[in-house]
Amino acid sequence: MNTAVGGTATAADRDASRVPVRRLTVLYDAECGLCSFLRDWLVRQPQLVPLELLPAASAEARRRFPGLDHGATLDEITVVGDAGQVYQGTAAWIVTLWALREHRGLAHRLSTPTGARLARGATLAAAKWRGAQRGGRADRRADGWVYDPGFGWTYHPPGCAGGARPTGP
């Protein structure tokens, strides 16, 4: 997926094939062990395109990218280009590898139809592993997001002012 953040720009001025990418922001789940491991690995890699690693759904991510579905950024890796391009899932992994000096060739191979199937399989395997680390049970975050392997991510706002608890699930 490749779309403009905020939806206000025309496709022509946000087209990744014609607009050079000079910087990428990788949104990752800071509470996920695998995501944090990969974040640490990425910052150690020589980069052809600078990568900024930013916790998904954080206050800073919400401020900088108000047009994103921040719940979805917790569920699936999201990368935002400096010209507003948004990559999610398999495309996000491929563009991240493309930014790395030692892995650009691999990114090009993964962008072919055959390579894309392999990349998608790796992405799904990582998602399955993340779900297994939660032991098949719901994972509640302090910011109100809850992950349940059977239902995915849902948002339950933290307690109301004055200590009252919100109604509902």
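The line from CD of Glu76 to CH2 of Trp93 is 11.0 Å long, rounded to the nearest 0.5 Å. Put simply, SG on Cys32 and CD1 on Ile77 are 10.5 Å apart, with the number rounded to the nearest 0.5 Å. Note that CZ of Arg109 and CG of Leu118 are 10.5 Å apart. Values are rounded to the nearest 0.5 Å. For the atom pair Leu38 CG and Leu42 CG, the distance stands at 6.5 Å (nearest 0.5 Å).
In terms of heavy atoms, Ala57 sits closest to Arg62 at O-NE, 3.1 Å. Of all heavy-atom pairs between Asp29 and Ser36, the closest is O-OG, 4.2 Å. Contact record, Val80 with Leu68: CG2-CD1, 4.0 Å, taken as the closest heavy-atom pair. Between Pro55 and Ala61, the shortest heavy-atom contact is O-CB, 3.6 Å. Looking at every heavy atom in both residues, Leu24 comes nearest to Gly81 through CD2-CA, 3.7 Å.
Counting heavy atoms from C-beta outward, Arg104 and Leu97 have side chains that stay 4.5 Å or more apart. Contact check for Leu74 versus Glu31: no side-chain heavy atoms found under the 4.5 Å cut-off. Between Glu52 and Val26 there is no side-chain heavy-atom pair separated by less than 4.5 Å. Taking the side chain as every heavy atom from C-beta outward, Arg120 and Arg117 never approach each other to under 4.5 Å. With contacts defined as side-chain heavy-atom distances shorter than 4.5 Å, the pair Gln47/Arg101 does not qualify. Proximity of Trp98 to Val49: side-chain heavy atoms (C-beta onward) are separated by under 4.5 Å at one or more points. Side-chain atoms of Leu27 and Val79, non-hydrogen and from C-beta on, never get closer than 4.5 Å to each other. In this structure the side chain of Phe65 never reaches within 4.5 angstrom of the side chain of Thr73, judged on heavy atoms.
With hydrogens and angles disregarded, a donor-acceptor distance shorter than 3.5 Å links the side chain of Gln85 to the backbone of Ala83. For the pair His70 (side chain) and Ala59 (backbone), a donor-acceptor distance under 3.5 Å is absent.
For the side chain to side chain contact (heavy atoms under 4.5 Å, CB included) criterion with Leu51, the lone passing option out of Thr25, Val43, Leu100 is Leu100.
Under a hydrophobic-cluster definition in which Ile, Leu, Val, Met, Phe, Trp and Tyr are linked whenever side-chain heavy atoms come within less than 4.5 Å, directly or via other members, Val95 and Leu48 are assigned to different clusters.
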